[in-house]
2 protein chains.
Amino acid sequence: MVFQIDFKAGKPVYLQLVDQVRRAAASGVLRPGEALPSIRPLAEALRINRNTVAKAYSELESQGVIETVLGKGSFLTNGGSPFAKSVRDKLLIAEVDQAVVAAHHMNVDRESFLALVGERLDHFERKLVESQKP
Amino acid sequence: MVFQIDFKAGKPVYLQLVDQVRRAAASGVLRPGEALPSIRPLAEALRINRNTVAKAYSELESQGVIETVLGKGSFLTNGGSPFAKSVRDKLLIAEVDQAVVAAHHMNVDRESFLALVGERLDHFERKLVESQKP
DNA sequence: CCTACTGTCATAGTAACATATGACAGTAGG
DNA sequence: CCTACTGTCATATGTTACTATGACAGTAGG
């Protein structure tokens with residue numbers, strides 16, 4: 001698992017890490033129960049501070065993506081966020097709406113947009129299958 | 001046009017305004033050429049600072065959503081963002097990916113997700129039609 | 001011209017983010 | 001037990017993002 005930090009991205013570093021771990025989990029690159037890189041080595045590899053990685057992991061734990069045990073490490077949960085369904089639905093709708101608004105504003109028509117969504121779904125499904133082969 | 005600010009949303013106030021104006025533009029609630037609320041009255045109505053509104057409008061102008069004339073006001077452009085197509089595509093893909101990852105992570109399957117996307121497209125198309133009637 | 005509106009700029013204070021460092025606590029293996 | 005690994009906490013520091021305040025500049029109409 002290789003992570004990548006962009007300092008001039010405008011987005012907070014710790015949130016970049018959160019997103020990438022979530023993506024790795026969603027695409028199957030990281031599997032349930034699997035251990036994440038430990039804080040100190042990962043911080044060194046990414047050239048960022050221990051506390052920044054710790055903050056990202058802490059955020060991921062509060063989102064229910066990982067579980068962390070003092071002295072042992074952090075591990076992917078077997079899936080299923082801790083959010084109530086209604087809350088999750090609202091979050092998902094908000095995400096979808098943002099993409100839909102962006103498409104509208106860029107004059108992307110319905111068919112093109114649905115095609116793009118299909119493409120991206122395929123893209124992640126492909127990564128998921130690949131990661132389960134070897 | 002009524003805007004709504006949530007101070008405990010975690011998201012910067014000026015970006016909340018940007019999103020809402022973009023949504024209003026995308027859904028047709030605001031039409032090309034139409035004047036936006038002027039900075040000071042809007043700031044007062046929303047109980048936020050004039051400069052916060054000004055910053056939102058400035059951001060919207062740099063995104064090509066509105067045009068603003070000193071002493072006259074700010075107006076919706078007749079559409080078409082100033083971004084090059086490739087840049088726009090990357091932005092749109094990033095938006096879509098974020099929604100797709102969220103869906104994956106919430107164990108929402110492909111069909112349900114596509115159904116949701118269709119729903120939200122309908123939702124905005126409906127608002128667009130409604131706003132063009134009267 | 002003057003007043004009332006428009007947006008704009010300069011400045012300053014507060015909060016968030018990231019880093020750096022040191023100390024502490026639990027776990028595993030020699 | 002001791003050492004080396006894990007995560008956690010507290011504190012300090014610098015930078016940047018955000019918000020707030022007041023002064024400035026262009027426009028329109030009486």
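Values in this document were obtained by computation on a predicted structure and should not be read as measured data. Atom set for the values below is all heavy atoms of this structure, side chains included, hydrogens, waters and symmetry mates excluded. Each chain gets a letter, A, B and so on, in the order its sequence line appears, and its residues count up from 1.
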Quiz item: Does B/Lys55 have a side-chain nitrogen or oxygen under 4.0 Å from the phosphate oxygens OP1 or OP2 of D/dC18?
Solution: yes
Quiz item: Does A/Thr68 have any side chain to side chain donor-acceptor pair (under 3.5 Å) partners at least two apart in sequence or in another chain, and if so, which?
Solution: A/Ser74
Quiz item: B/Phe7 has an atom CZ; how far is it from atom P of D/dC18, in whole Å?
Solution: 15 Å
Quiz item: OP1 or OP2 of C/dC17 sitting under 4.0 Å from any side-chain N/O of A/Thr52?
Solution: no
Quiz item: Rounded to the Å, how far apart are B/Leu17 CG and D/dC18 P?
Solution: 14 Å
Practice problem: Rounded to the nearest angstrom, tell me the gap between atom CG in A/Asn49 and atom P in C/dT19. | Solution: 6 Å
Quiz item: What pairs with A/Asp122 under side chain to side chain donor-acceptor pair (under 3.5 Å), at least two apart in sequence or on another chain?
Solution: B/Arg110
Self-check item: Counterpart residues, side chain to side chain donor-acceptor pair (under 3.5 Å), relative to B/Glu67 (two or more places apart)
Solution: none
Quiz item: Is any side-chain heavy atom of A/Phe124 less than 4.5 Å from a side-chain heavy atom of A/Arg23?
Solution: yes
Quiz prompt | Residues which pass salt bridge (Lys or Arg N to Asp or Glu O under 4.0 Å) with B/Lys11, listed by chain and number, not counting sequence neighbours | solution = B/Asp19
Self-check item: Value in whole Å for how far the C1' atom of D/dA17 lies from NZ of A/Lys11
Solution: 16 Å
Quiz item: Remaining members of B/Leu15's ILVMFWY cluster at a side-chain heavy-atom cut-off under 4.5 Å?
Solution: B/Tyr14
Quiz item: Is B/Phe75 touching bases, backbone alone, or none of the nucleic acid, heavy atoms closer than 4.0 Å?
Solution: nothing
Quiz prompt | Axis deviation across the helix from C/dC1-D/dG30 to C/dG30-D/dC1, five-pair ends, to the nearest 10° | solution = 10°
Exercise. Report yes if some heavy atom in the side chain of B/Pro37 is under 4.5 Å from a heavy atom in the side chain of B/Tyr57; otherwise report no.
Key: yes
Practice problem: Figure out the CG/C1' separation between A/Leu15 and C/dC17, and round it to whole Å. | Solution: 10 Å
Quiz prompt | Of all pairs that satisfy salt bridge (charged side-chain N to carboxylate O under 4.0 Å, His left out), the ones with a partner from residues 35-51 of chain B, not counting sequence neighbours | solution = none
Exercise. Would you please name every residue forming a side chain to side chain donor-acceptor pair (under 3.5 Å) with B/Asp109, sequence neighbours left out?
Key: B/Ser112
Exercise. Calculate the interatomic distance between B/Gln16 atom CD and D/dA17 atom P; express it in whole Å.
Key: 19 Å
Quiz prompt | Between C1' of C/dC17 and CD1 of A/Ile48, the distance in whole Å | solution = 12 Å
Exercise. If a protein heavy atom is under 4.0 Å from the base, mark B; if only from the sugar-phosphate, S; if neither, -; do that for nucleotides 5-11 of chain C going 5' to 3'.
Key: -BBBBB-
